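Down below is the structure, laid out as structure tokens.
Not measured: the values here are computed from a predicted model.
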Amino acid sequence: MDILRTPEDRFRGLPGYDFAPHWLEVAPGLRLHYVDEGPRNAAPVLLLHGEPTWSYLYRHMIPLLVAAGHRVIAPDLIGFGKSDKIADRAAYSFAGHVAWMKTFLEQLDLRGITLFGQDWGSLIGLRLAAENEARFARIVIGNGMLPTGDEKVPPAFKLWKTFALYTPWFPIGRIVAAGVRRKLSPAEIAAYDAPFPTAGHKAAARAFPALVPVTPDNPASAANRAAWQVLASWHKPFLTTFSTGDPITRGGDHYMQKRIPGAAGLPHIRVRGGHFLQEDSPVELVQAINDLVARTPAP
């Protein structure tokens with residue numbers, strides 16, 4: 001297995017991202033990077049990014065959550081950010097990402113978790129919560145879902161999947177900028193490009209769209225259906241904080257509110273933003289997380 005590691009000098013001087021690095025091994029020779037800020041004895045807020053971003057996406061939210069007294073943990077999924085990258089696209093699978101993140105939770109022994117997941121951070125995060133329910137106290141989902149392949153696929157996602165698989169030009173920073181309502185600075189766009197100096201470093205970003213279950217016989221469909229059986233009986237707090245301008249996940253918030261009992265009676269919100277709502281409305285998202293934690297003490 002050809003494992004790539006992005007040179008550390010690619011991450012020097014990134015605007016707004018001066019967090020101390022932490023690493024742990026989630027498989028033999030495979031190192032995962034994560035941000036870990038705030039008091040270690042506080043209940044953790046786990047921020048899971050999606051495709052094709054990394055923990056840089058949460059740079060505005062992390063200090064605000066820490067200021068509210070939380071321990072904030074923002075990992076880079078394998079293949080992204082400062083984490084190791086496997087050069088072979090075929091080495092990535094939905095099950096593999098879930099397994100790596102389960103190892104991460106177990107090694108840090110995280111409990112009483114408040115999850116915030118967006119995009120693939122929702123797909124992986126909801127599987128983690130369903131399969132490790134005792135570790136999670138509450139869930140917040142923004143622009144995300146847990147598809148099984150039984151749902152209708154948005155046209156915007158079909159276009160994105162085709163683009164990721166076949167285009168010879170895959171400018172990650174510009175892709176992220178296109179999913180943000182405000183204008184990212186050239187330095188911010190460069191920061192999203194930083195983890196990916198070669199085509200081999202982009203293998204996970206290229207692979208992710210094809211791993212989303214869009215047919216009922218997808219390799220991940222059965223496990224996702226099993227996770228939905230758990231979520232259908234999930235009475236812990238479940239909040240949705242979707243944006244107003246995402247063509248891929250639009251309507252997913254209402255779907256989850258209807259199917260997950262823990263969503264009943266909570267102040268679900270819509271915030272201004274595109275697909276990457278963390279860039280457009282970080283203050284509103286942090287306020288929603290803080291309010292949820294305050295009104296729903298962990299059991």
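- Qualifying ring-ring contact (aromatic ring centres under 6.0 Å, His included) partners for Tyr34, counting only residues two or more places apart in sequence or in other chains: His22, Phe104.
- Applying the ring pair (Phe, Tyr, Trp, His ring centres under 6.0 Å) rule to pairs touching residues 205-228 yields Phe80-Phe208, His97-Phe208, Trp120-Phe208, Trp228-Tyr255, sequence neighbours excluded.
- Residues meeting the salt bridge (charged side-chain N to carboxylate O under 4.0 Å, His left out) test with Arg111, sequence neighbours left out: Asp109.
- Qualifying side-chain contact (heavy atoms from CB on, under 4.5 Å) partners for Gln229, counting only residues two or more places apart in sequence or in other chains: none.
- For the side-chain hydrogen bond (donor to acceptor under 3.5 Å, both in side chains) test, no residue two or more places apart in sequence or in another chain qualifies with Glu106.
- Partners of Leu30 according to the side-chain contact (heavy atoms from CB on, under 4.5 Å) rule, which considers only residues two or more places apart in sequence or in another chain, are Ile3, Val26, Ala27, Ile78, Asp84, Ile86, Trp100.
- Checked against ring-ring contact (aromatic ring centres under 6.0 Å, His included), Phe157 has no partners two or more places apart in sequence or in another chain.
- Ser122 meets the side-chain hydrogen bond (donor to acceptor under 3.5 Å, both in side chains) test with no other residue; sequence neighbours excluded.
- Applying the side-chain hydrogen bond (donor to acceptor under 3.5 Å, both in side chains) criterion to Thr244, with sequence neighbours excluded, gives no partner residue.
- For Val230, the side-chain contact (heavy atoms from CB on, under 4.5 Å) test picks out Ala130, Glu133, Trp234, with sequence neighbours left out.
- When hydrophobic residues (I, L, V, M, F, W, Y) are linked wherever their side-chain heavy atoms come within less than 4.5 Å, Leu159 remains an isolated member.
- Applying the under-4.5 Å side-chain rule to Ile, Leu, Val, Met, Phe, Trp and Tyr, the cluster around Tyr166 extends to Leu165.
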